[in-house]
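Quantities reported herein were computed from a predicted structural model and do not represent experimental measurements. Numbers restart at 1 for each chain; the letters A, B, ... are given by sequence-line order, proteins then strands.
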Protein chains: 2
Amino acid sequence: MGTPTAAQPTMTELLELLAAVGAAQGQDFAAAAARHGLTSMQAKVLAQLDGPLSMHALAERLACDASNVTGIVDRLQAHGFVLREPSPTDRRVKNVVRTERGRETILHVHQEMRATHAALDSLDETEQAALYALLERLRPIMEYPADDR
Amino acid sequence: MGTPTAAQPTMTELLELLAAVGAAQGQDFAAAAARHGLTSMQAKVLAQLDGPLSMHALAERLACDASNVTGIVDRLQAHGFVLREPSPTDRRVKNVVRTERGRETILHVHQEMRATHAALDSLDETEQAALYALLERLRPIMEYPADDR
DNA sequence: TATTGTTATACTCTATAACTATA
DNA sequence: TATAGTTATAGAGTATAACAATA
């Protein structure tokens, strides 16, 4: 056999490892956000705001109730990270947009995820491409866990 | 070239995909926990309790302050999922242990992570082994994001 | 002196329900 | 009638600081 064969992992082992890596990545993100005075949730909002999003669209992206978004955006706005703009086409809608400060801050947060960058940098290009291809297969299947809710 | 070559992903694309899969897995876990009346954090505690753990050891595993663990364990204990036992060797220490109900419940939660199971099941054995090997490489590097804290 | 667990405090995130203004 | 956003409420997680019991 050409390639050294690793022991076949059990489903449980795979689940645990995926959870461990996911948790570590989440902590890395939260720590980077905290250095900029942001909670994890506030930083996630900034990360979603590549373009303007209504409060409801934001709630959908964050997978939480719309009533929560009011408070989270309130706090971001109070510190100058985002603005609320009235929609020109629907007077009920408010579009949330990043300020320049918000844009720069979330960029720094992502850049400062040192543990995650170090881990991914430890893979060579072939391994990175393989990991990407595998995760890309999982994403569409995992993206809709919500039978109930 | 023998194998079809995927486009080389950028570091940003890899980061975003890893975050998306991690978030989806976390939501799948939280939804399964909620079906059993547990919050995500409470279920994480049950998952850690393969054996007895002191309150401080539990805090370390959960990457949160020890003062939080008091309340989380209080609520688990009030619903019969865990017990506090005095340590025989150090009278300051309380060891937290799962009850039979706690053991069965966290087992069900893990079994009911349908989206995650479906995603991993969609990979054949070779792909599962490859994913496991790659994640195993990342874990030790990501596990210690806490320069600061 | 240091450590373990708890309490008090203040803040954030969370869902639910009810409200308003628009559509 | 339905939708967008907000408010009020109650519960849960979070860190900080202070404390009693024990090491």
Which sits closer to the 5' end of DNA chain C, A:Arg91 or B:Asn68, going by the nucleotide each is nearest to?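 Nearest nucleotide further toward 5': that of B:Asn68.
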
Residue-phosphate contact under 4.0 Å: B:His56 side-chain N/O, C:dG5 OP1/OP2: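 Indeed, a polar side-chain atom of B:His56 lies that close.
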
Phosphate OP1/OP2 of D:dG11: any B:Arg75 side-chain N/O under 4.0 Å: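 It does not, given that no N or O in the side chain of B:Arg75 lies less than 4.0 Å from OP1 or OP2 of D:dG11.
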
Taking NZ, NE, NH1 and NH2 as the nitrogens, is one of them in [X] or [Y] under 4.0 Å from a carboxylate oxygen of the other?
| X | Y | value |
| --- | --- | --- |
| A:Glu85 | A:Lys94 | no |
| A:Arg103 | A:Glu100 | yes |
| B:Arg84 | B:Asp74 | yes |

Selection from [options] that lies nearest to any side-chain heavy atom of [X]:
| X | options | value |
| --- | --- | --- |
| B:Ser54 | D:dT14, C:dG5, D:dG5 | C:dG5 |
| A:Arg84 | C:dT22, C:dT6, D:dT6 | D:dT6 |
| A:Ile72 | C:dA15, D:dG13, C:dC13 | C:dC13 |
| B:Cys64 | D:dA15, D:dG5, C:dA15 | D:dA15 |
| B:Asp90 | D:dT6, C:dT7, D:dT22 | D:dT22 |
| A:Ser67 | C:dG5, D:dG5, C:dA17 | C:dA17 |

Over all atoms of both residues, closest heavy-atom pair of A:Met41 and A:Ile72: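 Nearest pair, atom of A:Met41 first, then A:Ile72: CG-CD1, 3.6 Å.
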
Using every non-hydrogen atom in the two residues, find where B:Leu15 and A:His117 come nearest and quote the distance to one decimal.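 For B:Leu15 and A:His117, the tightest heavy-atom pair comes out as CD1-CE1, 3.3 Å.
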
To the nearest angstrom, how far is [X] atom [atom1] from [N] atom [atom2]?
| X | N | atom1 | atom2 | answer |
| --- | --- | --- | --- | --- |
| A:Lys94 | D:dT3 | NZ | C1' | 14 Å |
| B:Asp74 | D:dG11 | CG | P | 15 Å |
| B:Asp65 | D:dA18 | CG | P | 14 Å |
| B:Phe81 | D:dA12 | CZ | C1' | 15 Å |
| A:Gln77 | D:dT6 | CD | C1' | 13 Å |
| A:Leu62 | D:dG5 | CG | C1' | 15 Å |

Heavy-atom neighbours of B:Gln8 CD exceed 12 at 6.0 Å: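 More than 12 heavy atoms, drawn from other residues, nucleotides or ligands, come within 6.0 Å of this atom.
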
Taking for each residue the nucleotide of DNA chain D with the nearest heavy atom, is it A:Ala57 or B:Gly71 whose nucleotide lies nearer the 5' end?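 On the 5' side of the pair lies A:Ala57.
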
Are B:Leu53 and B:Asn95 packed together at the side-chain level, in the sense that at least one heavy-atom pair is separated by less than 4.5 angstrom?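 No; the side chains remain at least 4.5 Å from each other.
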
What are the residues of residues 37-52 of chain A, sorted by number, that bring a heavy atom to within less than 4.0 Å of DNA chain C?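 Per residue number, the list reads A:Thr39, A:Met41, A:Gln42.
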
Between the side-chain atoms of A:Arg92 and the base atoms of D:dT3, is any donor-acceptor pair under 3.5 Å?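 By the distance-only test, yes, there is a pair.
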
